[in-house]
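Read through the structure below, which is laid out as structure tokens, and then see the notes.
Given the structure is predicted, the values throughout are model-derived calculations rather than measurements.
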Amino acid sequence: MKALLLSLTLFALIPFVHAEDTQSKEAWIDTNTVLISNSQSPDIARRDCETTMRILGIMSNDKIVFRSTCESTVNPRCNYYYCFQLSVKAFVVPQPPQE
């Protein structure tokens, strides 16, 4: 299980290495902010948020890269006290002109 999580984490970081060269030329685009909460445990809410971050990392490819963060938050729109805010930015990687 640890090996699977480590490989998912490393796999999620690969697109960011590719996008670092072009990051200064183009801007990251803010996308939706999602609130993730749990009524019983802050650990469960945090894990759900981190799992969603990993999934977004896996969805990144050579055309679009997602960068996300999880932060503990107190928000009136949250259903429960244990609440995390998932903020996502997207970067569209410029494609070389096709001949």
Side-chain angles (χ1 to χ4, degrees):
M1 183 66 172
K2 289 181 182 180
L4 176 63
L5 290 175
L6 179 61
S7 63
L8 285 176
T9 303
L10 292 175
F11 183 70
L13 294 176
I14 291 171
F16 295 116
V17 173
H18 174 69
E20 286 296 321
D21 298 336
T22 56
Q23 182 176 357
S24 60
K25 297 177 189 171
E26 302 291 332
W28 287 84
I29 303 164
D30 286 324
T31 63
N32 293 339
T33 297
V34 178
L35 298 173
I36 299 174
S37 60
N38 186 278
S39 62
Q40 299 171 356
S41 169
D43 291 332
I44 293 172
R46 180 184 48 77
R47 276 188 266 141
D48 288 347
C49 194
E50 290 172 353
T51 299
T52 307
M53 284 176 54
R54 286 188 200 100
I55 291 169
L56 287 169
I58 291 170
M59 289 173 53
S60 296
N61 57 40
D62 60 341
K63 295 183 181 180
I64 189 163
V65 176
F66 294 101
R67 181 175 66 188
S68 52
T69 58
C70 278
E71 298 171 345
S72 181
T73 186
V74 176
N75 190 307
R77 294 184 305 150
C78 241
N79 296 332
Y80 303 108
Y81 178 73
Y82 303 119
C83 185
F84 284 82
Q85 177 176 303
L86 175 65
S87 301
V88 182
K89 293 181 182 256
F91 178 75
V92 178
V93 179
Q95 299 297 308
Q98 296 185 5
E99 298 176 10

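- Rounding to the nearest 0.5 Å places CG of Asn38 at 12.5 Å from SG of Cys49.
- Here Asn61 contributes atom CG and Met59 contributes atom CE; the two are 9.0 Å apart, rounded to the nearest 0.5 Å.
- For the atom pair Glu50 CD and Thr69 OG1, the distance stands at 11.5 Å (nearest 0.5 Å).
- Scanning all heavy atoms of the two residues, the minimum distance from Asp30 to Lys89 falls at OD1-NZ, 2.9 Å.
- Both Val34 and Phe66 sit in one connected hydrophobic cluster of ILVMFWY residues. Membership requires side-chain heavy atoms under 4.5 Å apart, directly or through other members.
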* Test Cys70 against Met53 for side-chain contact (heavy atoms from CB on, under 4.5 Å), laying out the working first. => CA-CA 8 Å; Cys70 278; Met53 284 176 54; 3.4 Å; yes
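- With Gln95 contributing its side chain and Val93 its backbone, the two residues share a donor-acceptor pair below 3.5 Å.
- Between atom SG of residue Cys83 and atom CG of residue Asn75 there is a gap of 6.0 Å, rounded to the nearest 0.5 Å.
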* To do: Evaluate the side-chain contact (heavy atoms from CB on, under 4.5 Å) criterion for residues Trp28 and Val65: first the C-alpha distance (whole Å), next the side-chain angles of each, then the deciding distance (0.1 Å), finally the verdict.
  => CA-CA 9 Å; Trp28 287 84; Val65 176; 3.9 Å; yes
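- At a threshold of 4.5 Å between side-chain heavy atoms, the hydrophobic network of Ile, Leu, Val, Met, Phe, Trp and Tyr places Leu86 and Ile64 in one connected group.
- Each of Tyr82 and Ile44 belongs to its own hydrophobic cluster when Ile, Leu, Val, Met, Phe, Trp and Tyr are linked at side-chain heavy-atom distances under 4.5 angstrom.
- Looking at heavy atoms from C-beta onward, Arg67 lies out of side-chain contact with Phe91 at the 4.5 angstrom threshold.
- A continuous path of hydrophobic side-chain contacts links Ile36 to Val88 [ILVMFWY only; heavy atoms under 4.5 Å].
- Annotation: the span from Gln85 atom CD to Thr33 atom OG1 amounts to 5.0 Å, rounded to 0.5 Å.
- With rounding to the nearest 0.5 Å, the separation of OH in Tyr80 from OG in Ser39 is 5.0 Å.
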